[in-house]
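Quick notes on the structure that follows.
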Amino acid sequence: MARKHKLDLAAKPSSAPEPRKGQKPVRKAAVFKSAPAAQLEVNKRQKLSTGPGFSDANAAWLKPTKGKGKPAPPPVQESESDEDSELDSLPSSTEGVPSDTQGDQAHLASLPDQLFDSEGDPDVDSDDEGLDDSDISDADLDDDPLLAGDDQQLLGTDGSSEEEDADEDEDDSSDDEDAGELLDIERKSAALDKDRAKQEAEAAAEAADMAAAALDADLQQPGTSALQDGAEAGAQAMDLTKVQRRLREVMHVLEHFSQLRTPGRSRKQYLEQVKRDLEAYYGYNRFMVDAILGLFSVAEGVEFIEANEGKRPITLRTNTLKARRRELAAALIDRGINLDPVGKWSKVGLVVYESTVPVGATPEYMAGHYMLQGAASFLPVMALAPQEGEQICDMAAAPGGKATYISALMRNTGMLFANEAAEGRLKSIVGNIHRLGVTNAVVSNYDGRELPKVLGLRSMDRVLLDAPCSGTGVIAKDPTVKTSKSQEEIWKCAFLQKQLLLAAIDLVDARSKTGGYIVYSTCSIMVEENENVVNYALRKRNVKVVPTGLEFGREGFVRCREFRFHQSLTHSRRFYPHAHNIDGFFVCKLKKLSNEEKEADAAESSDDSDEQGASDASDEEPPARKGQALANGHASAPTANGKALANGKGPGSQRQHKPHKGPQHAGQKRSAAAAVQQQPEEGPEGISQYGLTMARP
Amino acid sequence: MRPLTEEETRAVFEKLHKFLGKNIRHLVDRKDENYVTRLQRNRVLYVRETIMRRATNVARDKLAHMGQCLGKFTHSGKFHLTIGCLDTLATHAKYKVWLKPSAEMSFLYGNNILKSALGRITEFTPAHTGVLVLSMSDIPLGFGVSGKSTAECRTADPSAIVVYHQADVGEYLRSEEDL
């Protein structure tokens with residue numbers, strides 16, 4: 001019953017008259033989404049029935065029939081041209097359908113059931129009669145003769161299917177059989193059965209042909225040859241449509257691996273194929289593909305990559321120092337900008353759908369009533385939750401979107417230190433601060449690591465560190481990231497981020513009455529730059545991860561690939577373009593527990609400084625390195641090739657010692673034993689050390 | 001960063017006086033907190049004293065900005081108000097000019113204001129004094145110097161210049177480099 005219902009849903013658009021197709025593509029797409037599998041099935045059957053009509057582009061739909069001896073379903077009464085145009089007009093919807101042609105094997109297998117077990121469904125939409133009847137055997141619909149007539153008319157335009165028309169006729173009348181008419185109908189019914197048998201035979205023959213052809217194609221394209229021969233794969237990469245098709249197929253196989261795999265081919269081989277295709281189709285380098293597939297399942301990874309191809313919507317933030325959102329929205333709508341609130345989670349955000357004028361050059365913009373900034377950059381500030389009268393530092397402020405938001409939330413009270421290391425970007429901060437009417441800011445140009453020395457240790461109530469990062473979350477903005485990043489570079493970023501985060505923590509006063517918080521954020525999706533950095537800070541300083549207060553977003557990783565992090569990192573939040581339609585982002589809020597450094601750390605690395613050493617920011621870097629190096633040396637013990645060993649060993653040993661990670665175990669509680677056990681935890685550090693040594697000139 | 005000299009202070013306040021008149025005392029004796037003026041890289045900064053004290057930690061060559069920027073001293077030692085002081089002027093300005101919506105963009109590109117663009121003007125505005133320029137929806141757009149008094153404006157030719165342009169918010173886009 002249910003299954004048939006689904007079938008109908010899907011059948012509706014394909015059996016619909018032509019004008020409707022042109023008019024309502026959107027609705028059609030929606031319908032397809034509701035029953036993608038069924039839709040495929042129907043499309044496929046249409047294809048099968050209309051053998052001569054299919055082109056190369058359609059061959060994909062047919063491929064999976066290989067090796068299937070199932071009888072093909074009866075033909076569909078619809079003109080070929082009609083059908084082709086429809087399929088052509090629907091590339092997006094077919095692309096969007098996750099299950100690809102391989103899936104049709106399963107559907108085909110279950111098809112005969114569908115043919116016969118769907119009697120007497122009262123919910124059937126009479127519009128679809130033509131298709132339904134042919135699909136689901138005779139004698140089950142109480143149909144309106146009028147509608148049947150309609151169908152006939154429609155189909156009458158198709159010169160090639162007179163037979164079917166007759167068939168149709170009979171179908172209709174056979175419907176009435178239920179209502180009581182007899183003899184004549186019986187005769188017709190017999191004829192119909194004969195017809196059907198004939199058609200089935202034809203279709204089966206056709207299907208066999210198709211299957212053979214598809215098999216050929218399959219051998220050429222996706223599988224074995226490409227797997228074995230790199231050069232050939234390179235040549236094939238040129239043909240992007242083929243690559244895409246193959247990509248979808250292999251992904252589908254990976255989802256139902258045990259059922260759909262080709263025996264003898266391992267998951268690894270399939271994965272390898274996917275990676276190679278992703279590289280070819282989307283232009284990523286191998287490192288990025290590996291990294292993305294390390295974070296997501298294959299299907300989601302592809303979704304993520306796909307999302308990076310599109311742009312995020314333009315969003316703007318109302319400057320509450322100068323305007324109110326409602327009034328601003330009214331003013332902008334008057335200027336021909338079509339917008340809406342960005343969501344319930346923000347009271348100041350507006351999203352721009354379309355605009356007849358440049359959004360960044362309206363008088364309201366110049367007067368500082370709003371700031372153009374991505375929705376993602378609201379999040380760290382919201383997590384920071386600045387209070388009026390506080391001392392707050394934004395350690396990497398350019399171009400000032402977040403800094404001005406902080407000031408707006410503080411309503412120009414207290415003090416905001418907006419620091420930016422890149423001198424060239426200072427102008428943009430100063431400009432925005434002027435424009436938005438921020439008066440409580442001091443803009444400085446230091447390296448973030450020097451800040452504790454400049455502004456003083458424990459001088460801030462809250463610190464926002466939107467760290468410089470690899471930008472792997474904003475590939476949509478900067479596509480060069482696809483190819484320009486390497487593992488080495490990521491570790492380089494991560495190293496700087498660790499230093500900056502420690503500096504940020506040193507800036508904050510744990511005894512602040514209102515604050516004592518640090519928000520760490522990046523526009524990277526890499527675990528190395530996010531959770532791993534925070535995890536490092538948890539070990540080095542007396543901080544804990546606290547909930548960000550953001551309503552949405554995914555939890556941060558506690559385990560990912562070889563990494564194992566402290567449990568509290570579930571409080572951190574990750575945002576993805578494909579899931580939240582904002583830039584890829586990571587936000588983590590830390591609360592400083594005490595101003596003392598961790599004792600355990602002091603014990604762990606003898607020359608990792610005490611309070612004084614840390615207070616001297618210039619000294620801070622070398623001790624940290626030394627500490628890491630030392631731990632690294634421990635892990636790799638007597639081997640000369642310490643790096644490699646630590647690298648290989650780290651993850652495994654980490655896993656064993658998972659429970660010992662806590663910053664809560666920190667400080668005073670930590671015994672000497674704990675300190676000893678902690679050594680293996682240096683695993684990822686070992687790697688970072690590795691990255692570091694590579695990075696260092 | 002250093003306090004202004006006597007001369008510099010006089011230059012700054014004379015300029016501001018053109019716009020604010022007697023309201024200038026609101027800048028000097030503030031009821032909420034103490035504000036000070038400081039000179040940093042030729043810019044005159046108007047800033048809360050507490051912020052200024054904290055900012056003394058920052059080295060001179062590393063301090064890009066603090067508080068509000070009222071204007072700058074040119075190489076020849078003259079003082080110019082810059083667009084940064086618009087908010088200050090907007091709260092205290094004595095004489096104001098409202099622009100017709102059609103003329104907004106022209107002014108925001110740095111043009112003088114013609115009589116035909118004039119929506120409203122404060123009564124008894126004298127000639128050659130500082131005026132604040134607003135849009136009809138009361139958004140401050142910039143400031144300039146009146147070319148004609150209110151009375152003269154009534155009889156003036158539509159293409160006569162009423163306000164000479166000094167600064168406008170379009171500079172945030174046009175010349176972010178020298179704010």
Side-chain angles (χ1 to χ4, degrees), chain A residues 321-323 327-328 330-331 334-335 357-358 360-369 389 391 397-400 412-421 423-447 450-451 453-456 459-460, chain B residues 1 32-33 35 40 43 45-48 50-70 82-88 90-91 99 101 103-105 107-109 134-142 167-179:
Chain A
L321 293 172
K322 289 195 169 184
E327 286 155 17
L328 174 69
D334 282 348
R335 295 200 186 275
V357 295
T362 64
E364 280 79 13
Y365 177 83
M366 292 189 249
H369 288 198
Q391 311 246 334
N412 264 339
T413 62
M415 210 174 300
L416 170 73
F417 280 90
N419 180 67
E420 171 58 46
E423 202 173 353
R425 307 183 76 188
L426 283 177
K427 295 279 180 195
S428 62
I429 310 183
V430 175
N432 280 321
I433 279 180
H434 277 142
R435 187 167 62 81
L436 299 185
V438 171
T439 59
N440 66 343
V442 175
V443 182
S444 60
N445 176 27
Y446 282 102
D447 186 319
E450 298 172 30
L451 278 181
K453 195 172 62 171
V454 176
L455 303 176
S459 58
M460 295 289 151
Chain B
M1 183 173 68
D32 47 354
E33 272 183 89
Y35 275 67
Q40 159 76 8
R43 310 275 146 169
L45 305 173
Y46 177 71
V47 61
R48 215 162 57 217
T50 47
I51 293 182
M52 183 274 292
R53 291 198 183 287
R54 282 304 304 271
T56 50
N57 290 350
V58 181
R60 188 179 300 173
D61 59 329
K62 297 286 189 187
L63 180 68
H65 172 75
M66 63 175 178
Q68 284 166 281
C69 176
L70 290 182
T82 56
I83 190 63
C85 72
L86 183 64
D87 288 337
T88 319
T91 34
L99 284 186
E104 275 175 17
M105 289 318 277
F107 178 70
L108 292 181
Y109 280 110
L134 302 120
S135 73
M136 289 306 271
S137 47
D138 276 341
I139 302 172
L141 296 177
D168 66 85
V169 290
E171 285 171 26
Y172 290 125
L173 298 186
R174 290 205 309 277
S175 51
E176 196 180 53
E177 293 306 304
D178 32 57
L179 281 174

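Naming: A, B, ... by sequence-line order, numbering from 1 per chain.
- Contact detail for A:Ser459 and B:Arg54: the closest heavy-atom pair is CB-NH2, 3.7 Å.
- If you take CZ on A:Arg435 and CD1 on B:Ile83, they are separated by 12.0 Å, rounding to the nearest 0.5 Å.
- Interface remark: of the candidates A:Val442, A:Ile429, A:Asn412, A:Val442 forms the most heavy-atom pairs closer than 4.5 Å to chain B.
- Here the closest heavy-atom approach between residue B:Asp87 and residue A:Lys322 is recorded as OD1-NZ, 3.3 Å.
- Heavy-atom distances place the backbone of A:Ala441, and not its side chain, under 4.5 Å from chain B.
- Residue A:His434 is tested with B:Gln68, B:Glu176, B:His65 for a side chain to side chain contact (heavy atoms under 4.5 Å, CB included); the sole match is B:His65.
- The CZ atom of B:Arg174 sits 8.5 Å away from atom CE of A:Met366, with the distance rounded to the nearest 0.5 Å.
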Original post:
Could you walk me through whether A:Glu364 and B:Ile139 pass the side-chain contact (heavy atoms from CB on, under 4.5 Å) check?
Top reply: CA-CA 8 Å; A:Glu364 280 79 13; B:Ile139 302 172; 3.8 Å; yes
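- The candidate from B:Asp168, B:Val169, B:Leu45 with the greatest count of non-hydrogen atom pairs under 4.5 Å with chain A is B:Val169.
- Distance alone, capped at 3.5 Å, is enough to place a donor-acceptor pair between the B:Arg48 side chain and the A:Gly414 backbone.
- Scanning both residues, B:Pro140 and A:Ala367, for their nearest heavy atoms gives O-CB, 4.1 Å.
- Contacts between B:Glu104 and chain A at a heavy-atom distance below 4.5 Å involve the side chain alone, from C-beta outward.
- Closest non-hydrogen pair, B:Met105 versus A:Pro363, comes out as SD-CG, 3.9 Å.
- Contacts of A:Ile433 with chain B are made by side-chain atoms alone, with heavy-atom separations under 4.5 Å and no backbone atom involved.
- Of the atoms belonging to A:Glu420, not a single heavy atom falls under 4.5 Å from chain B.
- Both the backbone and the side chain of B:Ile51 come within less than 4.5 Å of a heavy atom in chain A.
- Ranked by heavy-atom pairs under 4.5 Å with chain A, the list B:Leu63, B:Leu86, B:Leu173 is led by B:Leu173.
- Heavy-atom contacts from other residues, nucleotides or ligands closer than 6.0 Å to CD of A:Glu423 number 12 or fewer.
- Residue A:Thr362: no heavy atom, backbone or side chain, is found under 4.5 Å from chain B.
- Counting only distance, with no hydrogens or angles, the side chain of A:Tyr446 and the backbone of B:Ala59 share a donor-acceptor pair below 3.5 Å.
- Of the two parts of A:Ala361, the backbone and the side chain both hold a non-hydrogen atom closer than 4.5 Å to a non-hydrogen atom of chain B.
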